[in-house]
Structure formats: C-alpha cells, structure tokens
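A short write-up of the structure that comes next.
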Amino acid sequence: MSVLEVKNVSIRYKTGDFKEIGLKEYVMRRLTHNYHVSYFWADKDVSFTLDEGEMLGIIGSNGAGKSTLLKAVSGIMEPTKGKVIRRGNVAALLELGSGFDGELTVKENAYLRGAMLGYTRKFMDETYDQIIEFAELQDFQNRPFKQLSSGMKSRLAFSIASMVQPDILILDEVLSVGDGAFRKKSETKMREIIARGAATILVSHSLHQIQELCTKVLWLEHGEQIACGDTAVICGLYQQYLDKTITLDQAGAIWAALNERYDYLIVGSGLYGSVFAREMTDKGKKCLVIDKRPQLGGNVYCEDVEGITVHKYGAHIFHTDNEKVWAYVNRFAAFRPYTHRVTAVSGEKEYSLPFNMRTFEQLWGVKTPEEAKKKLASQRPKLDHEPENLEEQALALVGKDIYKTLVKGYTEKQWGRPCKSLPANIIKRIPLRFTKDDRYFEDKHQGIPEGGYNGLIEKLLEGIPAVTEMSYEKLVNAFPDIAKKTVYTGPIDEFFGYELGQLEYRSLRFETETLEQEDFQGHAVVNYCEKKPPYTRIIEHKHLSGQESPKTVVTREYPREWVPGREAYYPVGDERDQALYEQYLELARERPEVIFGGRLGEYKYYDMDDAVAAALVRAEKE
C-alpha cells in the first residue's frame, strides 16, 4: 500500500478587491455591483502515489504550482478538489528561512524552530549539539540570529528539520542551501533518511540533483501535470523544453505516445528505420520511432546554414539501378538530378576520379586507352600468391603510381592504420575506365531530394510518433513492454552490452565553415590523398544543392578511431570482426523479437539504395 496518494488534486486561489478594502467598502461595492473577484487554479487535476523508500522529484518552471502542491500534500492547506491520503507522519521543509526571530540568539532560535516543528524540549536537549555541529555554527550559538548570513540561516533550519525520521519527507529547494560542501553533506543526510524507509518529495530546479536522487519525477507547468514517471525520460523531455527544441504541447504528446503499446519499436530514424516504419504503418501496424540524436534522419540529416542546405554528416548522393527503390523514394520526395564528380589532390596536382583516361593523362601524359593499359601492366607486380593485405591488392589492381599517388595516403588516413595491416578484401576491385567518363557513379538513377533529405524523412514518418534525444536503453528501462517487436539499427555489439567484445568501426569528425566568398573549390567534393592535411575530403555544399549564394559553406571530414560514446560511421569488417559478428548473430537468433537492420545492426556497409531495399524486403517478411 502506498504511503502517500494524491488523487486528482486541484487547488484554487481567489483574487480580487477584497484584498484592498474594508467591510464598509465591501458592502457598498456589492450593493452597486462593483465588486470584482476572480479565481486562479494553481494546480489542476494532479495525481501520483508514493511508496515507502521512493523519492519523487517535482520539476517545472517558476509559477508551475510546485510549492502550492506541497502545501496540500503536507496538510498545511486543503485542496479545492480531489484528496490527499497520508499513511504516516509528515515532515515538511518548505521555507527554511521562516519562523525565526532575528533578535533572539542562534541557540534560542534553534529551540523555537524545534517547538514549531513539534519537537519536545527533551528531544531538543538531546539533539541540540548534533544540530549545531551539522549546521557548522559552533562559534555562532550565542550571536543574534540576524547577524547570520542567509546561507547560515538555511543551514540551521535544515539541520533542525532533518533530525527526525518521518514516514513522508517533503523538501522544497532545501538541498541547495549553503556552499558546495554543505550541499553534499545535506544530500548525504537525505539519502540516509530515505534509506531508512522515508517516502520523499523533492522540489528542485537542479535537474542534476533530481536525476541523481529521485526514483521518479512529476513535471508541472502552469498548474497542469505534464508527465509523471521515469526520471531519465521526463528529465530529458524537460531539458528539451528548456532548450526550446520542443514545445509544452509536444512534450505532452511525446509522453502520451510513450505510454502507449506498439507493434514495433524502431530504434534509429535513418533510411532503414524510416522506410520500415512507413511500410509497417501502411500495413496497419502501430509503430514508434526513437532516435538518440536531437533530430530525425540519421546520417542523411541536413541543416540550413546561410540559406545553403548542408549535409551535416557528409555528402549523400542517392544513386541506384534498382527501379523499385527509385520509384519508392520518389513517392516521398522530388529528386533534383545530380551527377557526382570528385577530384583528388596529391602533391601540387589535382586528379580526376574515379580512375579514367583523364587521370591517366594527368599522371603519365598518355592519350590512348592502349597506352594507359600498357603503362598499368608495366606497374603491376607479379605475385606468386593471392594478395595478403590491402597494399598487395591495390598494387595488383592499379600499379605503383596510382597506389602511391592516390590510394595509399587516403586509405591510411581513412582507416587509421598502414595499408600493409589492412585486409585485402577492403578493396576487392578498383574501377578503371578507359574513357573520359568521370562520373563518380554509373547508376541509371542519380539525384538529391530538393531541399535535402529532411523532407524525405518527414514524409516517410508522416503520422508516425517519433521521439528524438531518446536512447534505446533509457526507453526500455522506463517502458520495458512498450512494443511486441523491436527494429534495432544501432551497433549489434552495443545492444548486447559488448559481452563478446567490441566490433571495430571507424568514426568521423566534421568541421563546417562558412566562407565569405561565392565559390571555394568549383565542385562538391575534393579528396586529399596525402597524410597531410589530416582530413580526407572537403565538401562544398552549394554544389550538391545547386543553390546560389554570395557565400559558401564547406565541411572538412576527419576520420578518427571509434570508441564507445563516439558515433560509429562504418564497420572495419576484417576477419577478426567478421568472426565476432557471427558470434553476435548467434545471440541475435535467441532474440526473435528483435530485428537487427541497417549498416550498424547488420555490420555491413550499405549505400542508401541498399538500405531502402533491405528495409522493404524485411518489411515484406513481417
């Protein structure tokens, strides 16, 4: 049975002329119909329960109704509607600075305050030394109370009030009294009281304090209950509200959505997750999408910088020969035709990519395909064994000049290790074109959604509840039965807590800069193939979108080692990793209610069209 039950509590205040007039004026105004009274609801229909040993944090902006609610809970005032059921004695620390006499000494005030809290003289005699010692006021006992600083006064009040062991303890901002050391000491004291079984309510503007101490949270705004439940989830929503990334109505809608039951929980709002959610919703299934990032779209998310659409996580060009996939994505977005061209800088020269007759001419001055083929053949080593590493594989495919000029430095930066230590299967083939075709992709369909990928994701998720800044762990800890099945597009090893070891990934860092010039490099992407500079490529975004602007925005892309906590962008996938992934697949087979999909869930590199196709295939099987 709960120690405390608050059932549909509403508290109304009356305001009006009666505050400023006497009896005679009151009668005259009533007779002349000039008497004005209005009502204000400080709290409206608030409900929660509290069990022994639980700690409820109450959060909300100033004027939300927090302190008023505490007065009703503690018994200081009766609610206008609803009821409060208390099963045990209550100790309320609401206004620490009140109830003192400035002319009396600190010791006299300690006894006065104790009497106001219902302590006996005998109890105060027995605990006085502890009170003064805890408040750190040994040298101030006989001084007038008015000589104390506000922090000292609050410390004394807290020390007196915390001497009891109540069944229900109510704290209104009292853990913020004193300096840092005293706050830490007061928190420890509160933990001791809670550990002994007290049900506790804490009002605080410190989200950190709430998250550290409270087992659940009540969020009030304008007297209305926005949410009550899991600490991590509600504090996360409240922080988004404070940061103005969501409105109060959106926060309420999200909390309502989280309290529903779904057929599918989709973890990750990239292309795989969004397509799967769309397909299952269209089949009549109920889906919820969550993403740990502050926005939807995964790595295809775009943002507006100076009126230019910026691909926040690297250039994304949709290209495919799959007619079904192309038709599918065009249902949700209008694609701007775009042909991707890339050049590579090595030394003082800029080369055409992928390797074509322009590249061969820039390297060797050759003019015909026959000359290029002859030059390549002369540079390829003759191996008496299969290539054992990436360097041997690259030399066998393109020869020493192309390898040293355009492959080695770029690859070693990208993977963070020497080519000789990388597996050969990373580059199973390198395309060689003996024409002047310098299109980076040869697919029949190529393009970028008008205005970027955000519109595509929004259309895919239209009518589907989607929650950002929500990790899978946070959600399932709060709502373990929220869905019948889960689609998990995060790292498969992370899902299982790395219990078999960590798979290897590579991470990236993006450095974006706005330049006060119309053009920086003439086209969208330039690769940098030597060890220095440390970035692998520069993206000039206006060439992806075709937008015109007197300014330009560029992004430098820096590869880096992946460690837990960093974003994993692509799997390494060497023999050791593949063997470990197979072991994780065995664990996955024991979890039939979880579908692992996408680049990280399946530990494989996906082009965007591959991700869409895979999601469609998986949805068809469901």
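The figures that follow rest on heavy atoms only: side chains count, while hydrogens, waters and symmetry mates do not.
Within the 4.5 Å cutoff, side-chain heavy atoms of Ile266 are placed close to those of Cys287. Looking only at side-chain heavy atoms (C-beta outward), Leu4 and Val84 come within less than 4.5 Å of each other. Taking the side chain as every heavy atom from C-beta outward, Val90 and Ile170 approach each other to under 4.5 Å. Ile595 has its side chain out of reach of Thr486: every pair of non-hydrogen atoms, C-beta onward, lies at least 4.5 Å apart. Contact annotation: the side chain of Tyr262 never approaches that of Leu265 to less than 4.5 Å [non-hydrogen atoms, C-beta and beyond]. Side-chain contact check for Leu218 versus Gln225: some heavy-atom pair is nearer than 4.5 Å. By the 4.5 Å heavy-atom criterion applied to side chains, Leu70 and Val203 are counted as neighbours. The side-chain heavy atoms of Val9 and Lys44, taken from C-beta on, include no pair separated by under 4.5 Å.
In this structure a side-chain-to-backbone donor-acceptor pair under 3.5 Å is present from Thr215 to Met55. Side-chain N or O atoms of Thr281 include one that pairs as donor or acceptor with a backbone N or O of Ala277 at under 3.5 Å. In terms of modelled atom types and a separation under 3.5 Å, the side chain of Thr489 and the main chain of Val267 share a donor-acceptor contact. Distance alone, capped at 3.5 Å, places no donor-acceptor pair between the Asp43 side chain and the Ile11 backbone. Asp230 places a side-chain N or O within donor-acceptor distance of the main-chain N or O of Ala232, the cut-off being under 3.5 Å. Judged by distance alone, the side chain of Asp291 and the main-chain N or O of Gly268 form no donor-acceptor pair under 3.5 Å. No donor-acceptor distance shorter than 3.5 angstrom exists from the side chain of Arg143 to the backbone of Val106, with no hydrogens or angles considered. No donor-acceptor pair under 3.5 Å is formed between the side chain of Ser507 and the backbone N or O of Ala568. Side-chain atoms of Ser269 come within 3.5 Å of backbone atoms of Gly297 as a donor-acceptor pair (strictly under, hydrogens ignored). Put simply, the side chain of Lys485 never gets that close to the backbone of Asp263: no donor and acceptor are under 3.5 Å apart.
A 6.0 Å sphere centred on CD of Gln239 holds more than 12 heavy atoms belonging to other residues, nucleotides or ligands. Few gaps surround CD on Gln502; more than 12 heavy atoms of other groups in view lie less than 6.0 Å from it. Counting heavy atoms of neighbouring residues, nucleotides and ligands inside a 6.0 Å radius, atom CD of Gln147 exceeds 12 of them.
Qualifying side-chain contact (heavy atoms from CB on, under 4.5 Å) partners for Lys216, counting only residues two or more places apart in sequence or in other chains: Thr49, Leu50, Glu54, Leu56. Qualifying salt bridge (Lys or Arg N to Asp or Glu O under 4.0 Å) partners for Lys107, counting only residues two or more places apart in sequence or in other chains: none. Taking the side chain to side chain donor-acceptor pair (under 3.5 Å) definition, one finds that Tyr313 meets it with Gln295, sequence neighbours left out. Here Lys312 pairs with nothing under the side chain to side chain donor-acceptor pair (under 3.5 Å) rule; sequence neighbours left out. With sequence neighbours left out, Glu192 forms a side chain to side chain donor-acceptor pair (under 3.5 Å) with no residue at all. Scanning for side chain to side chain donor-acceptor pair (under 3.5 Å) contacts around Arg121 gives an empty result, with sequence neighbours left out. In terms of the salt bridge (Lys or Arg N to Asp or Glu O under 4.0 Å) criterion, Arg12 has no residue partners (sequence neighbours excluded). Every residue was checked against the salt bridge (Lys or Arg N to Asp or Glu O under 4.0 Å) condition with Glu221, not counting sequence neighbours, and none meets it. Glu593 meets the salt bridge (Lys or Arg N to Asp or Glu O under 4.0 Å) test with Arg591; sequence neighbours excluded.
Atoms CD and CD, from Glu103 and Glu108 in turn, are 11.0 Å apart once rounded to the nearest 0.5 Å. Put simply, CZ on Phe100 and CG on Asn109 are 6.0 Å apart, with the number rounded to the nearest 0.5 Å. Atom CG of Asn477 sits about 9.0 Å away from atom CG of Leu475, to the nearest 0.5 Å. Lys153 NZ to Arg155 CZ: the interatomic distance, rounded to the nearest 0.5 Å, is 13.0 Å. If you take OG on Ser74 and CG on Leu169, they are separated by 11.5 Å, rounding to the nearest 0.5 Å.
Ion pairing between a basic and an acidic side chain is recognised when a charged N comes within 4.0 Å of a carboxylate O; Lys286 and Glu260 show such pairing. Under 4.0 Å is where a charged nitrogen must lie from a carboxylate oxygen, and between Lys283 and Glu622 no such pair does. Checked for salt-bridge contact, Glu567 and Arg293 meet the test: a charged N lies under 4.0 Å from a carboxylate O.
Within the structure, ring pair (Phe, Tyr, Trp, His ring centres under 6.0 Å) pairs that include any residue of residues 268-299 comprise Tyr264-Phe276 (at least two apart or interchain). Under the ring pair (Phe, Tyr, Trp, His ring centres under 6.0 Å) criterion, no residue pair touches residues 40-79, with sequence neighbours excluded. Legend: side-chain hydrogen bond (donor to acceptor under 3.5 Å, both in side chains) pairs involving residues 457-474, not counting sequence neighbours: none detected.
Using modelled atom types, one finds no donor on one side chain facing an acceptor on the other under 3.5 Å when comparing Tyr119 with Thr127. No side-chain N or O of Glu133 forms a donor-acceptor pair with one of Tyr128 less than 3.5 Å apart. Defined by atom type and a distance below 3.5 Å, a donor-acceptor pair is present between the side-chain atoms of Tyr488 and Glu494. Side-chain atoms of Asp45 and Ser10 include no donor-acceptor pair closer than 3.5 Å.
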_As a quick check of understanding, evaluate side chain to side chain donor-acceptor pair (under 3.5 Å) for His205 and Asn62, giving each step before the final call._
CA-CA 9 Å; His205 285 288; Asn62 289 330; 3.1 Å; yes
*Derivation and outcome, salt bridge (Lys or Arg N to Asp or Glu O under 4.0 Å), residues Lys83 and Glu5*: CA-CA 8 Å; Lys83 59 182 178 179; Glu5 293 182 55; over 6 Å; no
*Should Thr105 and Asn142 be marked as a side chain to side chain donor-acceptor pair (under 3.5 Å) after you check the CA-CA gap, both sets of side-chain angles, and the distance that decides it?*
CA-CA 5 Å; Thr105 65; Asn142 297 313; 5.3 Å; no
*In sequence, state the C-alpha distance, the side-chain angles, and the governing distance for Gln209 and Ser204, and then conclude on side chain to side chain donor-acceptor pair (under 3.5 Å).*
CA-CA 8 Å; Gln209 199 172 67; Ser204 177; 3.0 Å; yes
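Of all heavy-atom pairs spanning Leu258 and Met470, the tightest one is CD1-CE, 3.9 Å.
Paired with Tyr238 under the rule side chain to side chain contact (heavy atoms under 4.5 Å, CB included), one option of Val217, Ile226, Leu207, Ile210 passes, and it is Leu207.
Between Trp219 and Tyr241, the two ring planes are tilted [angle within 30° to 60°].
A ring-centre distance under 6.0 Å is found for Phe596 and Phe495.
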